[in-house]
Amino acid sequence: MSDSAFGGGQPAPAPGVAASGPHSPDVATAPAPGVAASGPHSPDALADPAPGRAASALPARVRDLALSLPTAQLPAYVYDLGALSAHAAAVRGTLPPRIELYYAAKANPEPRILAALAPYTDGFEVSSGGELAHVAEAVPGRPLAFGGPGKTPAEIVAALDRGVRRFHVESTHELRVLAHLAGQRPGAGRAPVAVLLRVNLAVPGGLLASGALAMGGRPTPFGLDPSDVPAALRMLTDGSCPGVELTGVHAHLASGLAAPELAAVAGSVADWADGLARRHGVRLRELNLGGGMVVDYTRPDTRFDWAGYATALARIAAAHPEWVLRVEPGRAMTAYCGWYVTDVLDVKRSHGEDFAVVRGGTHHLRTPAARGHDQPCTVLPVADWPHPWPRPTATAPGPVTFAGQLCTPKDVLARAVPTAQPLRAGDRVLFGLAGAYAWNISHHDFLMHPHPTTHVLPG
């Protein structure tokens with residue numbers, strides 16, 4: 001995946017991928033903001049955009065950039081850093097002062113996105129040695145918390161070497177490994193490493209039922225079973241682990257929860273943590289509630305109710321002034337600032353239904369296949385057809401299913417999308433809410449299609 005910065009930024013290749021060949025940003029550049037695009041894909045050559053299912057409002061500068069991209073640079077990820085910064089500032093401004101905001105880098109580790117988020121966050125959560133090295137390089141000096149199951153000794157050592165002082169510990173075995181490695185660090189008087197025990201709690205009333213993914217509240221590989229917590233506390237308090245110290249509790253139990261459910265989960269976790277501290281006579285200084293804020297792909301213009309959630313967090317903070325509360329959103333921070341831009345390669349009818357095969361597919365945007373939803377999209381009709389062969393065109397306006405280039409029936413981005421006019425090969429399609437869990441979660445080398453390009457609109 002090669003990168004280009006739109007509007008004067010410097011091109012930079014994505015991690016591990018050279019910017020070379022036909023998808024290099026040096027091949028073609030987009031016009032600067034405020035400069036009209038020209039050529040066959042100019043807006044002057046286009047009909048009005050036709051909204052796809054539940055399409056969100058498309059910013060004019062995103063539309064202009066999408067239309068100006070040469071076909072050789074498609075598919076493409078487009079990120080609006082101005083919109084991202086405004087959203088992050090709004091989230092930060094909603095949270096009470098004693099609530100820390102960490103960004104879960106797994107959602108989108110694009111370096112320019114990390115840099116745009118840095119002024120509004122208190123740190124970043126990483127979940128592997130690779131993420132650790134990448135984020136530390138992209139936003140040097142920012143606090144990092146190391147989470148995720150299956151941390152290897154080499155990854156733990158790398159984190160300690162980089163000065164990471166906060167670990168979310170997933171098991172008693174992991175605690176023993178961390179304690180041993182931290183205890184071997186040179187330097188007398190070195191401060192112990194902060195440990196937050198990640199616990200797989202059962203919460204009451206089916207609060208996790210509406211979530212898209214459940215990481216807790218039932219048998220899962222994530223976190224400690226509550227029955228193992230006393231043993232972990234003994235290890236942390238009996239002097240057998242001098243290199244680490246108990247700092248708090250971490251509980252990320254589900255993804256895709258609305259504010260009322262997530263607030264109720266937070267209250268339940270806080271009550272459990274308070275009871276734990278009282279029963280065992282330990283002092284907790286931090287409570288990490290994870291992420292899990294819903295992004296509704298069926299209603300892309302809606303947002304998580306940060307104000308309502310912040311009110312619930314403020315109540316917890318007031319009841320426990322000894323704690324620092326922390327949240328770790330990922331998807332809910334960056335999803336809204338990204339689009340996956342492609343074009344229609346073929347239009348065909350099969351057993352009474354219209355299908356459009358687009359360049360790319362779920363090997364670049366895996367989320368609709370993984371979560372089983374239809375990605376919201378906008379169709380931009382393109383008048384120009386530069387080829388000598390006939391242009392594939394749908395027989396009439398109406399529902400079209402957008403599929404990718406992969407040899408699997410699961411490569412579907414959106415089903416039965418209404419269109420205002422018959423869809424044609426060459427038309428462009430922008431899939432919204434693509435700012436999270438796109439490139440880095442996708443099986444992008446399946447069938448060895450070209451990697452997408454990446455373009456950013458500056459703030």
Side-chain angles (χ1 to χ4, degrees), residues 40-60 62-64 66-67 69 71 74-76 78 295-302 335-336 338-434 438:
H41 298 295
S42 165
D44 294 336
L46 299 162
D48 291 336
R53 169 179 293 158
S56 59
L58 184 65
V62 172
R63 176 184 184 272
D64 292 346
L67 292 171
L69 293 174
T71 301
L74 298 177
V78 171
V295 172
D296 191 340
Y297 290 86
T298 66
R299 298 186 299 161
D301 285 323
T302 64
Y336 308 104
W339 290 263
Y340 178 62
V341 182
T342 186
D343 60 342
V344 178
L345 298 176
D346 197 0
V347 179
K348 61 177 71 175
R349 193 160 181 83
S350 177
H351 295 271
E353 296 184 14
D354 286 334
F355 288 80
V357 178
V358 301
R359 196 185 308 268
T362 57
H363 52 308
H364 303 153
L365 187 63
R366 181 173 176 260
T367 311
R371 292 167 63 102
H373 68 239
D374 298 319
Q375 199 76 13
C377 62
T378 299
V379 176
L380 299 181
V382 174
D384 182 68
W385 179 249
H387 307 293
W389 47 83
R391 186 176 192 177
T393 303
T395 56
V400 176
T401 292
F402 288 98
Q405 294 175 283
L406 301 183
C407 302
T408 167
K410 294 185 177 182
D411 187 20
V412 174
L413 293 163
R415 297 167 178 81
V417 177
T419 58
Q421 61 188 62
L423 189 72
R424 300 166 299 182
D427 289 343
R428 299 213 165 175
V429 189
L430 280 69
F431 293 93
L433 299 187

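Because the structure is predicted, anything quoted here is derived from the model rather than measured. Computation of the quantities below employed the complete heavy-atom set of this structure, encompassing side-chain atoms and omitting hydrogens, waters and symmetry-equivalent molecules.
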task: With rounding to the nearest 0.5 Å, note down the distance linking OG1 in Thr401 to CG in Asp374.
output: 8.0 Å
Note, Arg371 side chain near Tyr297 side chain (heavy atom, < 4.5 Å): yes
field: Side-chain touch Val400/Val379, heavy atoms, less than 4.5 angstrom
entry: no
- request: Evaluate the side-chain proximity of Thr362 to Leu406: yes if any heavy-atom separation is below 4.5 Å, no if none is.
  value: yes
message: Listing request: all salt bridge (charged side-chain N to carboxylate O under 4.0 Å, His left out) pairs with a residue in residues 389-413, at least two apart in sequence or in separate chains.
response: Arg391-Asp427
field: Ring geometry between Trp385 and His387 (parallel below 30°, tilted from 30 to 60°, perpendicular above 60°)
entry: perpendicular
query: So, do Lys348 and Pro392 sit near enough that their side-chain heavy atoms are less than 4.5 Å apart?
result: no
- prompt: Between CG of Leu423 and OG1 of Thr395, what distance do you get to the nearest 0.5 Å?
  reply: 11.0 Å
- prompt: Can you name the closest pair of heavy atoms from Gln421 and Pro381 and give their distance?
  reply: NE2-CB, 3.6 Å
- prompt: Which distance, rounded to the nearest 0.5 Å, do you find between the NE2 of His373 and the CZ of Arg415?
  reply: 10.0 Å
- prompt: Do the side chains of Thr71 and Arg428 get nearer than 4.5 Å, heavy atoms only?
  reply: yes
task: Just do the side chain to side chain contact (heavy atoms under 4.5 Å, CB included) check on Leu433 and Gln375 with the steps written out, would you?
output: CA-CA 8 Å; Leu433 299 187; Gln375 199 76 13; 4.0 Å; yes
task: Check the pair Trp339, Thr378 against side chain to side chain contact (heavy atoms under 4.5 Å, CB included), reporting the backbone distance first and the verdict last.
output: CA-CA 10 Å; Trp339 290 263; Thr378 299; over 6 Å; no
message: Tell me the closest heavy-atom pair linking Phe402 and Cys377, and the distance in Å.
response: CE1-SG, 4.2 Å
task: Evaluate side chain to side chain contact (heavy atoms under 4.5 Å, CB included) for Asp343 paired with Leu345, printing each intermediate quantity in order.
output: CA-CA 6 Å; Asp343 60 342; Leu345 298 176; 4.3 Å; yes
query: Do Pro422 and Pro397 have side chains that get closer than 4.5 Å, going by heavy atoms?
result: yes
field: Nearest heavy-atom neighbours spanning Tyr340 and Gly361
entry: OH-N, 3.1 Å
- request: Please round to the nearest 0.5 Å and tell me the distance separating atom CG of Leu413 and atom CG of Leu365.
  value: 6.0 Å
- prompt: Between Asp354 and Arg349, is there a salt bridge with N-O shorter than 4.0 Å?
  reply: yes
message: Can you give me the closest heavy-atom contact between Ala414 and Phe431, atom names plus distance?
response: CB-CE2, 4.3 Å
- prompt: Between CG of Leu380 and CG of Leu58, what distance do you get to the nearest 0.5 Å?
  reply: 6.0 Å
query: Excluding sequence neighbours, so at least two apart, what forms salt bridge (Lys or Arg N to Asp or Glu O under 4.0 Å) with Arg366?
result: none
message: How close do Ala425 and Val347 get, counting heavy atoms only, and between which atoms?
response: N-CG2, 3.9 Å
task: Could you list the residues that satisfy ring pair (Phe, Tyr, Trp, His ring centres under 6.0 Å) with Phe355, not counting sequence neighbours?
output: none
